[in-house]
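What follows is a short report on a single structure.
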Amino acid sequence: FPVTWDSTRVGFLLRQRAARGERLWNSAYMISTCGRKCPKIDHVLGVADAIHRSRLQPRAGQTLEAFWNEVCKIDGLTLIDFISSNPWDFSDDLIDVIAKNSKVSRHIHLPVQSGDNEVLRRMNRWYTREEYLALVKKLRAGIFGVTISTDIIVGFCGETEEQFANTVSLVKAVGFSKAYVAMYSDRPMTAAHKTFADDVPHREKKRRWKILEEIINKTNLRAGTYQ
(Lines give C-alpha, C1' and ligand atoms only; values in the text may rest on other atoms or scores of the structure.)
Protein backbone atom coordinates (compact mmCIF):
# COMPACT_ATOMS: atom_id res chain seq x y z
CA PHE A 1 0.00 0.00 0.00
CA PRO A 2 1.40 3.43 -0.90
CA VAL A 3 2.90 5.56 1.85
CA THR A 4 0.69 8.53 0.98
CA TRP A 5 -2.98 8.03 1.67
CA ASP A 6 -5.26 7.40 -1.29
CA SER A 7 -8.80 7.97 -0.04
CA THR A 8 -10.33 6.22 -3.07
CA ARG A 9 -8.28 3.07 -2.49
CA VAL A 10 -8.93 3.08 1.27
CA GLY A 11 -12.63 3.63 0.67
CA PHE A 12 -12.75 0.67 -1.72
CA LEU A 13 -11.05 -1.62 0.81
CA LEU A 14 -13.37 -0.50 3.61
CA ARG A 15 -16.44 -1.10 1.44
CA GLN A 16 -15.21 -4.63 0.78
CA ARG A 17 -14.95 -5.27 4.51
CA ALA A 18 -18.33 -3.70 5.25
CA ALA A 19 -19.99 -5.79 2.53
CA ARG A 20 -18.70 -8.93 4.24
CA GLY A 21 -20.21 -7.77 7.52
CA GLU A 22 -16.85 -7.57 9.30
CA ARG A 23 -16.53 -5.45 12.42
CA LEU A 24 -14.25 -2.49 11.78
CA TRP A 25 -12.40 -0.41 14.32
CA ASN A 26 -10.01 2.49 14.30
CA SER A 27 -7.13 3.92 16.25
CA ALA A 28 -5.95 7.25 14.91
CA TYR A 29 -3.31 9.59 16.19
CA MET A 30 -1.10 12.50 15.17
CA ILE A 31 2.67 12.55 15.35
CA SER A 32 5.02 15.46 14.85
CA THR A 33 8.16 14.91 12.82
CA CYS A 34 10.68 17.31 11.31
CA GLY A 35 8.73 20.28 12.59
CA ARG A 36 5.54 19.42 10.75
CA LYS A 37 2.40 17.57 11.74
CA CYS A 38 1.82 14.31 9.93
CA PRO A 39 -1.30 12.25 10.66
CA LYS A 40 -0.56 8.58 11.11
CA ILE A 41 -3.26 5.96 11.01
CA ASP A 42 -2.82 2.58 12.71
CA HIS A 43 -5.30 -0.21 12.01
CA VAL A 44 -7.81 2.24 10.52
CA LEU A 45 -11.16 0.52 10.87
CA GLY A 46 -9.46 -2.83 11.02
CA VAL A 47 -7.97 -2.62 7.53
CA ALA A 48 -4.48 -3.32 8.83
CA ASP A 49 -3.56 -5.23 5.71
CA ALA A 50 -4.15 -2.12 3.59
CA ILE A 51 -3.00 0.84 5.63
CA HIS A 52 -0.98 -0.52 8.55
CA ARG A 53 1.63 2.09 9.44
CA SER A 54 0.65 4.29 6.52
CA ARG A 55 1.09 8.05 6.83
CA LEU A 56 -1.20 10.77 5.63
CA GLN A 57 0.36 13.86 4.14
CA PRO A 58 -1.37 17.07 5.27
CA ARG A 59 -2.57 18.11 1.81
CA ALA A 60 -6.05 19.17 0.74
CA GLY A 61 -8.45 16.24 0.89
CA GLN A 62 -6.00 14.09 2.87
CA THR A 63 -6.54 15.33 6.41
CA LEU A 64 -7.83 13.19 9.24
CA GLU A 65 -11.11 15.11 9.15
CA ALA A 66 -11.50 14.38 5.40
CA PHE A 67 -10.76 10.72 6.05
CA TRP A 68 -13.49 10.49 8.68
CA ASN A 69 -15.99 12.11 6.34
CA GLU A 70 -15.22 9.51 3.67
CA VAL A 71 -15.46 6.61 6.11
CA CYS A 72 -18.86 7.75 7.35
CA LYS A 73 -20.22 7.61 3.78
CA ILE A 74 -19.60 3.86 3.51
CA ASP A 75 -22.77 1.80 3.28
CA GLY A 76 -22.82 -1.11 5.70
CA LEU A 77 -21.01 0.65 8.54
CA THR A 78 -23.34 1.29 11.43
CA LEU A 79 -20.90 2.02 14.25
CA ILE A 80 -17.38 3.42 14.18
CA ASP A 81 -15.46 3.35 17.45
CA PHE A 82 -12.97 6.17 17.83
CA ILE A 83 -9.84 5.70 19.89
CA SER A 84 -7.37 8.54 20.22
CA SER A 85 -3.84 8.14 21.46
CA ASN A 86 -3.24 11.81 22.20
CA PRO A 87 -5.31 14.86 23.11
CA TRP A 88 -3.59 16.91 20.43
CA ASP A 89 -5.38 14.82 17.78
CA PHE A 90 -8.56 16.77 18.34
CA SER A 91 -8.96 19.84 16.20
CA ASP A 92 -12.22 21.77 16.26
CA ASP A 93 -12.88 20.40 12.76
CA LEU A 94 -12.50 16.80 13.96
CA ILE A 95 -14.92 17.38 16.83
CA ASP A 96 -17.37 18.82 14.30
CA VAL A 97 -17.01 15.80 12.01
CA ILE A 98 -17.73 13.40 14.88
CA ALA A 99 -20.68 15.48 16.05
CA LYS A 100 -22.27 15.52 12.59
CA ASN A 101 -21.85 11.81 11.87
CA SER A 102 -24.15 9.58 13.89
CA LYS A 103 -22.17 6.48 12.88
CA VAL A 104 -19.27 7.56 15.09
CA SER A 105 -19.50 6.29 18.66
CA ARG A 106 -20.25 8.90 21.32
CA HIS A 107 -17.62 7.31 23.50
CA ILE A 108 -14.08 8.67 23.18
CA HIS A 109 -10.95 7.28 24.79
CA LEU A 110 -8.68 10.21 25.57
CA PRO A 111 -5.53 9.38 27.59
CA VAL A 112 -4.48 11.98 30.13
CA GLN A 113 -1.74 10.02 32.03
CA SER A 114 -1.47 12.67 34.76
CA GLY A 115 -3.29 15.75 36.01
CA ASP A 116 -0.11 17.57 37.01
CA ASN A 117 1.76 19.80 34.58
CA GLU A 118 5.23 18.99 35.89
CA VAL A 119 4.61 15.25 35.68
CA LEU A 120 3.20 15.69 32.17
CA ARG A 121 6.36 17.57 31.19
CA ARG A 122 8.56 14.77 32.52
CA MET A 123 6.41 12.26 30.64
CA ASN A 124 7.01 14.28 27.47
CA ARG A 125 3.30 14.78 26.95
CA TRP A 126 2.61 17.73 24.66
CA TYR A 127 -0.23 19.34 26.58
CA THR A 128 -1.00 20.82 29.97
CA ARG A 129 -3.69 20.05 32.51
CA GLU A 130 -5.49 23.23 31.47
CA GLU A 131 -5.39 22.30 27.77
CA TYR A 132 -6.76 18.84 28.50
CA LEU A 133 -9.64 20.23 30.55
CA ALA A 134 -10.38 22.80 27.83
CA LEU A 135 -10.54 19.98 25.26
CA VAL A 136 -12.92 17.97 27.43
CA LYS A 137 -15.13 21.05 27.70
CA LYS A 138 -15.13 21.36 23.88
CA LEU A 139 -15.98 17.68 23.46
CA ARG A 140 -18.90 17.87 25.86
CA ALA A 141 -20.19 21.08 24.27
CA GLY A 142 -19.79 19.85 20.71
CA ILE A 143 -20.80 16.17 20.88
CA PHE A 144 -24.14 15.46 22.51
CA GLY A 145 -24.05 12.60 25.00
CA VAL A 146 -20.30 12.03 24.75
CA THR A 147 -18.61 9.86 27.38
CA ILE A 148 -14.87 9.86 27.95
CA SER A 149 -12.49 7.17 29.21
CA THR A 150 -8.78 7.56 29.79
CA ASP A 151 -5.37 6.14 30.66
CA ILE A 152 -3.56 7.20 33.84
CA ILE A 153 -0.12 6.31 35.22
CA VAL A 154 0.40 6.63 38.98
CA GLY A 155 3.75 6.74 40.71
CA PHE A 156 5.70 8.12 37.76
CA CYS A 157 9.26 9.13 38.58
CA GLY A 158 9.29 11.86 41.19
CA GLU A 159 5.50 12.12 41.53
CA THR A 160 4.76 13.79 44.87
CA GLU A 161 1.59 13.50 46.91
CA GLU A 162 0.62 17.01 45.81
CA GLN A 163 1.11 16.08 42.16
CA PHE A 164 -1.00 12.96 42.60
CA ALA A 165 -3.67 15.12 44.24
CA ASN A 166 -3.74 17.20 41.05
CA THR A 167 -4.54 14.04 39.11
CA VAL A 168 -7.33 13.20 41.55
CA SER A 169 -8.83 16.67 41.16
CA LEU A 170 -8.69 16.42 37.36
CA VAL A 171 -10.39 13.02 37.49
CA LYS A 172 -13.21 14.45 39.58
CA ALA A 173 -13.53 17.46 37.29
CA VAL A 174 -13.81 15.37 34.11
CA GLY A 175 -16.00 12.52 35.35
CA PHE A 176 -14.48 9.70 33.29
CA SER A 177 -16.67 6.70 32.54
CA LYS A 178 -13.69 4.33 32.74
CA ALA A 179 -9.93 4.46 33.23
CA TYR A 180 -7.05 2.13 32.57
CA VAL A 181 -4.92 2.93 35.61
CA ALA A 182 -1.36 1.62 35.64
CA MET A 183 1.38 1.76 38.23
CA TYR A 184 4.58 3.08 36.70
CA SER A 185 7.19 0.39 36.11
CA ASP A 186 10.76 1.15 35.16
CA ARG A 187 11.74 -0.26 31.77
CA PRO A 188 15.33 -0.33 30.52
CA MET A 189 16.17 1.66 27.41
CA THR A 190 13.21 4.04 27.79
CA ALA A 191 13.73 7.79 28.05
CA ALA A 192 12.34 7.80 31.60
CA HIS A 193 14.77 5.05 32.66
CA LYS A 194 17.71 7.01 31.28
CA THR A 195 16.63 10.33 32.77
CA PHE A 196 14.74 9.77 36.03
CA ALA A 197 14.88 7.59 39.13
CA ASP A 198 11.98 5.22 39.82
CA ASP A 199 11.70 6.63 43.33
CA VAL A 200 8.05 6.14 44.28
CA PRO A 201 7.76 2.99 46.44
CA HIS A 202 5.56 0.18 45.12
CA ARG A 203 3.33 0.34 48.21
CA GLU A 204 2.65 4.02 47.51
CA LYS A 205 1.95 3.33 43.83
CA LYS A 206 -0.55 0.66 44.87
CA ARG A 207 -2.27 3.06 47.28
CA ARG A 208 -2.64 5.69 44.58
CA TRP A 209 -3.88 3.07 42.12
CA LYS A 210 -6.59 1.98 44.56
CA ILE A 211 -7.76 5.55 45.03
CA LEU A 212 -8.30 6.10 41.31
CA GLU A 213 -9.85 2.65 40.83
CA GLU A 214 -12.42 3.53 43.47
CA ILE A 215 -13.15 7.04 42.18
CA ILE A 216 -13.47 6.04 38.53
CA ASN A 217 -13.98 2.36 37.80
CA LYS A 218 -15.70 1.01 40.90
CA THR A 219 -18.00 4.04 41.11
CA ASN A 220 -19.04 3.61 37.47
CA LEU A 221 -19.50 -0.14 37.85
CA ARG A 222 -21.86 0.40 40.79
CA ALA A 223 -23.77 3.07 38.87
CA GLY A 224 -23.97 1.07 35.65
CA THR A 225 -22.10 3.79 33.74
CA TYR A 226 -18.82 1.94 33.21
CA GLN A 227 -17.87 1.97 29.51
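Proximity of Val154 to Tyr184: side-chain heavy atoms (C-beta onward) are nowhere separated by under 4.5 Å. Looking only at side-chain heavy atoms (C-beta outward), Asp116 and Arg129 stay at 4.5 Å or farther from each other. Contact of the Val174 side chain with the Tyr132 side chain is registered, since non-hydrogen atoms from C-beta on lie closer than 4.5 Å. Inter-residue side-chain proximity for Asp92 and Lys138 is flagged as met; some heavy-atom pair is nearer than 4.5 Å. Between Thr167 and Ser114, some side-chain heavy-atom pair lies under the 4.5 Å cut-off. With contacts defined as side-chain heavy-atom distances shorter than 4.5 Å, the pair His107/Ser177 qualifies. Contact of the Ile98 side chain with the Arg106 side chain is registered, since non-hydrogen atoms from C-beta on lie closer than 4.5 Å.
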*Mind running side-chain contact (heavy atoms from CB on, under 4.5 Å) on Asn166 and Val119 for me, showing each step along the way?*
CA-CA 10 Å; Asn166 286 336; Val119 174; over 6 Å; no
*Carefully, step by step, assess Phe164 and Ile211 under the rule side-chain contact (heavy atoms from CB on, under 4.5 Å).*
CA-CA 10 Å; Phe164 173 67; Ile211 289 172; 3.8 Å; yes
_Test side-chain contact (heavy atoms from CB on, under 4.5 Å) on Tyr127 and Leu120; report intermediate values, then the result._
CA-CA 8 Å; Tyr127 54 86; Leu120 288 170; 3.8 Å; yes
*Could you please spell out the steps behind the salt bridge (Lys or Arg N to Asp or Glu O under 4.0 Å) verdict for Glu159 and Lys205?*
CA-CA 10 Å; Glu159 184 185 62; Lys205 292 177 183 177; over 6 Å; no
*Intermediate values then yes/no, side-chain hydrogen bond (donor to acceptor under 3.5 Å, both in side chains), His109 and Thr150*: CA-CA 5 Å; His109 187 73; Thr150 196; 5.9 Å; no
*Please walk me through it: do Thr225 and Asn220 pass side-chain hydrogen bond (donor to acceptor under 3.5 Å, both in side chains)?*
CA-CA 5 Å; Thr225 53; Asn220 279 296; 2.6 Å; yes
*Stepwise side-chain contact (heavy atoms from CB on, under 4.5 Å) check, Gln227 with Lys178*: CA-CA 6 Å; Gln227 59 174 310; Lys178 178 171 65 178; 5.9 Å; no
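Met123 is not connected to Leu135 by any chain of hydrophobic side-chain contacts under 4.5 Å among Ile, Leu, Val, Met, Phe, Trp and Tyr, and they are in different clusters. Cluster annotation: Leu221 is not connected to Ile148 through the hydrophobic network of ILVMFWY side chains, with a link wherever side-chain heavy atoms come within less than 4.5 Å. Tracing side-chain contacts under 4.5 Å through hydrophobic residues (I, L, V, M, F, W, Y), one reaches Val136 starting from Trp126; they form part of the same cluster. One hydrophobic cluster, built from ILVMFWY side chains closer than 4.5 Å, cannot hold both Trp88 and Ile153; they sit in different ones. The hydrophobic cluster containing Ile152 does not contain Tyr226, counting ILVMFWY residues as joined when their side-chain heavy atoms lie under 4.5 angstrom apart, directly or transitively.
Here CZ of Arg187 is found 11.5 Å from CG of Asp198. Values are rounded to the nearest 0.5 Å. Interatomic distance, SG of Cys157 versus CZ of Arg122, reported as 7.5 Å (0.5 Å rounding). With values rounded to the nearest 0.5 angstrom, Glu214 atom CD is found 10.5 Å from Trp209 atom CH2. Distance CG/Leu212 to CG/Asn217: 9.0 Å, rounded to 0.5 Å. Atoms NE2 and OG, from His202 and Ser185 in turn, are 10.5 Å apart once rounded to the nearest 0.5 Å. Considering CZ of Phe156 and CD of Glu118, their distance stands at 10.0 Å, rounded to 0.5 Å.
For the 3.5 Å distance criterion, the side chains of Arg140 and Thr147 fail to qualify, holding no donor opposite an acceptor.
Annotation for Lys103: atom NZ counts as buried by contact number, over 12 foreign heavy atoms lying within 6.0 Å. By the 6.0 Å contact criterion, CZ on Arg222 is enclosed, its count of non-hydrogen atoms from other residues, nucleotides or ligands being greater than 12.
Salt-bridge check for Arg207 with Glu161: passed, with a basic side-chain N closer than 4.0 Å to an acidic carboxylate O.
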